[in-house]
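Provided herewith is a single structure, encoded as structure tokens, for subsequent inquiry.
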Amino acid sequence: MALKVFNTETRALSPFEPLEDGKARIYACGPTIYDHAHIGNFRTFLFFDVVHRHLEWSGYNVRFVMNLTDVDDKTIGGAVKAGSSVAEFTRPFGEAFLADCNTLGMLPADSYPRATQYITQMVDFVVRLIANGHAYVADDGAVYFSVASFPRYGRLKGIDTSTLKVGARVSQDEYEKEDARDFALWKPAAEADEKAMAAWDSPWGRGRPGWHLECSVMSLTELGDTLDLHLGGEDLVFPHHENEIAQSEAATGKLFVRNWLHVKHLQVEGRKMSKSLGNFVTVRQLLEEGYDPASIRHQLVSAHYRSDLNFTRDGLDASRSAVQRLVNFESRLEAVPVGDGEPSGLRDVSAETLAAFRAAMDNDFNTADAMAALFGLVNRVNALLDARPRVPAEDVASVRDALSSMDRVLGLLEVAKASRSVDASLASWVEERIQARADARKRKDFAAADAIRGELTARGIVLEDGAGGTRWKVLGPAAAASGAAPK
RNA sequence: GGCGCCGUGGCCAAGUGGUAAGGCAGAGGACUGCAAAUCCUUUAUCCCCGGUUCGAAUCCGGGCGGCGCCUCCA
């Protein structure tokens with residue numbers, strides 16, 4: 001069973017065969033950091049993370065690069081408005097973005113290149129394209145890529161662009177293109193560009209790079225001429241990625257990307273997310289509303305990346321319960337009575353689950369199917385454990401290993417634990433209360449015992465009486481409980 | 001207008017020819033001092049019509065409904 005991925009270019013599933021055995025070079029189109037990233041962005045980025053994790057889990061030596069776009073119309077516009085440079089203007093958004101990524105449990109990338117750091121390489125790249133006849137300098141000082149010079153243009157989108165009429169909707173005065181399909185590699189500096197310190201010297205005068213150029217140059221510089229995977233949101237297929245292919249292959253003469261993966265756009269409450277519809281949601285907003293990161297991660301990863309996914313508050317509640325079931329299961333495994341006992345069959349269940357999980361993930365990252373395998377383990381093991389007073393320690397260990405193994409890919413427990421950690425003073429207070437309640441129960445003073453339970457419940461702490469004593473857990477983000485410990 | 005996707009139980013969502021995963025929610029039951037957790041039982045003519053096939057949620061045609069891209073929005 002080997003990994004198969006759906007390649008946008010061929011519109012078919014094909015075996016993942018990296019350029020170099022055992023190595024995976026991945027480039028992910030990250031956000032433009034002119035504002036806080038929204039929940040839709042994170043569907044895409046969380047999928048990137050699943051790819052990243054699954055490949056590492058599968059034993060690949062992964063190099064994962066995600067760019068942060070800091071030079072484009074929006075960052076420049078924002079910088080001008082704020083009276084600062086693009087570097088200053090974008091810095092906090094970049095930092096906030098990385099913080100959000102961390103909150104949602106995304107593995108760090110090996111590199112987060114920004115356009116402002118690659119100006120020299122971009123200029124060199126354009127020089128190269130001009131030299132080999134794929135680009136030309138227009139009268140206005142802009143450099144355009146000549147689409148006519150690249151016959152394979154349009155293959156990603158699956159369209160024949162040669163039929164497009166020149167000049168149809170291209171503004172007559174602003175551009176000096178030879179062909180309507182041509183796109184800018186380098187743009188002459190406008191006043192705003194200078195103001196935002198987003199203009200650099202070049203052989204064609206002051207100017208700045210075009211958006212498509214940034215990604216090509218950064219990916220080629222960071223990862224080499226041929227990438228194994230290039231990831232992005234579906235909106236980037238055309239023209240962004242189409243243009244990247246053209247300019248990259250025209251420059252290197254080599255295949256640019258072996259597999260293109262594109263994530264379907266998220267919907268919010270049944271509609272496309274947009275500012276005008278007023279359904280624009282950021283991660284930090286959701287956290288303020290009291291939702292926790294694990295719920296968000298769960299919901300965004302719960303559907304296959306090429307399927308519609310409708311993000312809703314109700315769905316978040318459902319995800320919260322689903323994650324809680326996992327957390328409960330994990331803590332049960334920690335406390336389960338072990339002993340010699342006869343073989344329980346748990347090891348077979350663990351192995352079967354892992355095989356099913358792997359098959360699902362290998363099938364173009366089918367996270368929904370993979371989660372079914374995961375929850376199947378929970379169901380089967382819970383039932384088995386209920387039926388036996390004790391099971392061999394190794395059997396339980398096999399389940400624990402399977403669970404943590406799958407979570408290395410899904411990251412659900414990981415995020416749940418990170419966001420629900422409890423500080424020591426609260427913990428010792430809870431332990432003290434539990435002891436007091438135990439004493440009350442011993443006296444059969446259930447009214448007192450229930451009062452203590454209520455006291456804890458009010459702070460989001462739930463007690464579970466079991467054979468081995470009373471265990472407790474915090475429901476919801478740690479914020480709800482932290483600082484709640486009375487003196 | 002051009003290109004494309006989707007329509008599965010109350011909600012979410014897998015399944016692309018062999019007879020419906022999983023999550024959430026609901027109902028009943030077991031366990032519990034009460035709970036929580038867990039288990040058991042229970043809820044689907046797979047949008048409609050026609051066709052292909054021994055057999056279709058899965059393939060083809062038509063219809064209805066929803067959505068996306070075509071704008072430097074992931």
Side-chain angles (χ1 to χ4, degrees), chain A residues 11 28-32 34-35 37-48 69 71-76 157-159 163-164 169 183-184 187 210-212 214-215 231-240 243 262-267 270-275 280 298-299 302-304 306-312 314-329 331-332 335 356 360 363 366-379 381-387 441 444-447 449-450 453-454 457 462-466 470-473 475:
Chain A
R11 297 182 191 206
C29 268
T32 301
Y34 68 104
D35 196 354
H38 54 69
I39 201 71
N41 293 318
F42 279 106
R43 178 195 193 178
T44 300
F45 302 143
L46 242 15
F47 171 68
F48 296 171
T69 297
V71 176
D72 88 324
D73 290 348
K74 289 192 294 293
T75 59
I76 290 168
K157 178 72 173 175
I159 54 171
T163 60
L164 291 181
R169 225 185 50 187
F183 55 90
K187 302 178 175 188
W211 177 44
H212 312 304
E214 299 177 10
C215 276
L231 316 173
E234 62 175 344
D235 57 306
L236 300 181
V237 174
F238 189 89
H240 187 51
N243 291 351
H262 291 97
V263 184
K264 186 139 188 162
H265 274 186
L266 181 73
Q267 305 203 2
R271 305 287 317 170
K272 170 187 180 173
M273 171 161 35
S274 72
K275 286 182 174 170
F280 190 90
H298 176 91
Q299 186 174 185
S302 65
H304 184 74
R306 285 188 285 117
S307 298
D308 284 325
L309 174 60
N310 185 14
F311 187 86
T312 63
D314 287 349
L316 231 31
D317 290 334
S319 286
R320 175 182 218 322
S321 300
V323 171
Q324 189 59 49
R325 183 167 168 79
L326 255 24
V327 171
N328 291 341
F329 181 61
S331 83
R332 176 178 195 177
N363 183 23
N366 193 333
T367 46
D369 207 11
M371 281 199 218
L374 170 62
F375 281 96
L377 178 77
V378 176
N379 290 331
V381 173
N382 269 330
L384 223 145
L385 253 24
D386 275 3
R441 292 179 74 206
K444 303 276 187 211
D445 184 355
F446 295 120
D450 287 347
R453 182 204 291 287
T457 304
V462 176
L463 302 183
E464 294 180 8
D465 298 325
T470 298
R471 291 189 291 132
W472 62 282
K473 66 190 179 195
L475 283 183

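Note that these values count all heavy atoms, side chains included, but never hydrogens, waters or copies made by symmetry. So you know, we letter chains A, B, ... as the sequences are listed, proteins then strands, and number each from 1.
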Task: Shortest non-hydrogen contact between A/His38 and A/Met273, atoms and distance - done: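 Looks like ND1-CE, 3.3 Å.
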Open item on the list: Pairing check on B/A37: which nucleotide meets the Watson-Crick or G-U wobble criteria with it, both distances under 3.5 Å?
Closed with: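 By the stated definition (distances under 3.5 Å), nothing pairs with B/A37.
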Open item on the list: Less than 4.0 angstrom between a side-chain N/O of A/Lys272 and OP1 or OP2 of B/C69, yes or no?
Closed with: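 Looking at the OP1 and OP2 atoms of B/C69, one of them is under 4.0 Å from a side-chain N or O of A/Lys272.
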Task: Atom pair distance, as rounded to whole Å: NZ in A/Lys473 and C1' in B/A36 - done: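 Taking NZ of A/Lys473 and C1' of B/A36, I get 6 Å after rounding.
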Open item on the list: Any non-hydrogen side-chain atom of A/Thr32 less than 4.5 Å from a side-chain atom of A/Thr75?
Closed with: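 The answer is yes; the side chains approach within 4.5 Å.
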Open item on the list: Base, sugar-phosphate or nothing for A/His212? Non-hydrogen atoms, less than 4.0 Å.
Closed with: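 Since no nucleic acid heavy atom lies under 4.0 Å of A/His212, the category is nothing.
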Task: Per-pair stack call A/His265 and B/A74, 5.5 Å, 30° - done: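 Here the ring of A/His265 and the base of B/A74 are stacked, with centres under 5.5 Å and planes under 30°.
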- [ ] Under a 3.5 Å limit for both distances, which nucleotide forms a Watson-Crick or G-U wobble pair with B/U19, could you say?
- [x]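 None - no nucleotide pairs with B/U19, as no candidate has both distances under 3.5 Å.
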TODO: Measure from CD on A/Glu464 to P on B/A36 and round the result to the nearest Å.
DONE: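 From A/Glu464 CD to B/A36 P: 10 Å.
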Task: Nearest-nucleotide pick for A/Glu234, side chain only, options being B/G66, B/A21, B/G68 - done: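 Nucleotide nearest to A/Glu234's side chain: B/G68.
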Open item on the list: Work out how far the C1' atom of B/G9 is from that of B/G26, and round it to whole angstrom.
Closed with: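 Taking atom C1' in both B/G9 and B/G26, they lie 12 Å apart.
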TODO: Between B/A36, B/C39, B/C67, spot the one nearest the side chain of A/Gln267, thanks.
DONE: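 Of all the options, the side chain of A/Gln267 is nearest to B/C67.
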TODO: Calculate the interatomic distance between A/Arg453 atom CZ and B/A37 atom P; express it in whole Å.
DONE: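 The distance from CZ of A/Arg453 to P of B/A37 comes to 11 Å, rounded to the nearest Å.
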- [ ] Starting at atom CG of A/Asn382, determine the distance to atom C1' of B/A36, rounded to an integer number of angstrom.
- [x]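 In whole Å, B/A36 C1' and A/Asn382 CG are 14 Å from each other.
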Open item on the list: Please confirm whether the shortest side-chain N or O distance from A/Ser331 to OP1 or OP2 of B/A37 is below 4.0 Å.
Closed with: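 Checking B/A37 against A/Ser331, no side-chain N or O comes under 4.0 Å of OP1 or OP2.
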Open item on the list: Heavy atoms only, 4.0 Å cut-off, all strands: where does A/Val263 land among base, sugar-phosphate and nothing?
Closed with: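 A/Val263: no heavy atom of the nucleic acid under 4.0 Å.
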TODO: Indicate, with a heavy-atom threshold strictly under 4.0 Å, whether A/Gly232 touches base, sugar-phosphate, or nothing.
DONE: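 Result for A/Gly232 = sugar-phosphate.
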Open item on the list: Tell me the interatomic distance from A/Asn379, atom CG, to B/A37, atom C1', rounded to whole angstroms.
Closed with: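 Taking CG of A/Asn379 and C1' of B/A37, I get 14 Å after rounding.
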TODO: Using a 4.0 Å heavy-atom cut-off across all strands, classify A/Leu463 as base, sugar-phosphate, or nothing.
DONE: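 It contacts base atoms.
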Task: Contact under 4.0 Å: A/Asn366 side-chain N or O vs B/A14 OP1/OP2 - done: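 For B/A14, OP1/OP2 do not have a side-chain N/O of A/Asn366 under 4.0 Å.
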- [ ] Measure from CZ on A/Phe329 to P on B/A37 and round the result to the nearest Å.
- [x]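 To the nearest whole Å, that distance equals 16 Å.
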- [ ] Go ahead and name the base partner of B/G68; Watson-Crick or wobble counts if both distances stay under 3.5 Å, otherwise write none.
- [x]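 Here B/G68 is engaged in a pair, and the nucleotide opposite it is B/C3.
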Open item on the list: For a quick check, tell me whether the side chain of A/Asp450 and the base of B/G33 share a donor-acceptor pair closer than 3.5 Å.
Closed with: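 Between B/G33 and A/Asp450, which were checked side chain against base, a qualifying N/O pair under 3.5 Å is present.
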TODO: Send over the distance from A/Asp235 CG to B/C5 P, rounded to a whole Å.
DONE: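 Between P of B/C5 and CG of A/Asp235: 18 Å.
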Open item on the list: Any heavy-atom pair between the side chains of A/Arg471 and A/Ser331 that's under 4.5 Å?
Closed with: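 Yes, close enough: below the 4.5 Å cut-off.
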- [ ] Please report the closest heavy-atom contact between A/His240 and A/Cys215, naming both atoms and the distance.
- [x]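 Where A/His240 meets A/Cys215 most closely, the heavy atoms are NE2-SG, 3.4 Å.
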Task: Reading 5' to 3' through nucleotides 24-32 of chain B, protein heavy-atom contacts under 4.0 Å coded B for base, S for sugar-phosphate only, - for none - done: SS-------
Task: Gap in Å between the two P atoms, one belonging to B/U45 and one to B/G33, rounded - done: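 Between the two P atoms, the distance is 42 Å.
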Task: Complementary nucleotide for B/A57 - Watson-Crick or wobble, under 3.5 Å - done: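 When the pairing criteria are applied, nothing turns out to pair with B/A57, so the answer is none.
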Open item on the list: Check the phosphate of B/A74 against A/Thr32, side-chain N and O only, distance under 4.0 Å to OP1 or OP2. Yes or no?
Closed with: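 For B/A74, OP1 or OP2 has a side-chain N or O of A/Thr32 closer than 4.0 Å.
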TODO: Provide the Watson-Crick or G-U wobble partner of B/G10, both distances under 3.5 Å; none if there is no partner.
DONE: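 The base-pairing partner of B/G10, which may sit in any strand shown, is B/C24.
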Task: Which atom of A/Gly315 lies closest to which atom of A/Gln299, heavy atoms considered - done: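 Closest pair (atom of A/Gly315, atom of A/Gln299, distance): C-NE2, 3.6 Å.
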Open item on the list: Please find the pair of heavy atoms, one from A/Arg43 and one from A/His304, that lie closest to each other, and give the distance.
Closed with: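 Result for this residue pair: NH2-O, 2.9 Å.
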- [ ] Using whole Å, report how far NZ of A/Lys264 lies from C1' of B/A13.
- [x]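 In whole Å, B/A13 C1' and A/Lys264 NZ are 15 Å from each other.
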Open item on the list: Suppose you measure atom C1' in B/C54 against the same atom in B/G17; what distance do you get, rounded to whole Å?
Closed with: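 The same atom, C1', in both gives a distance of 12 Å.
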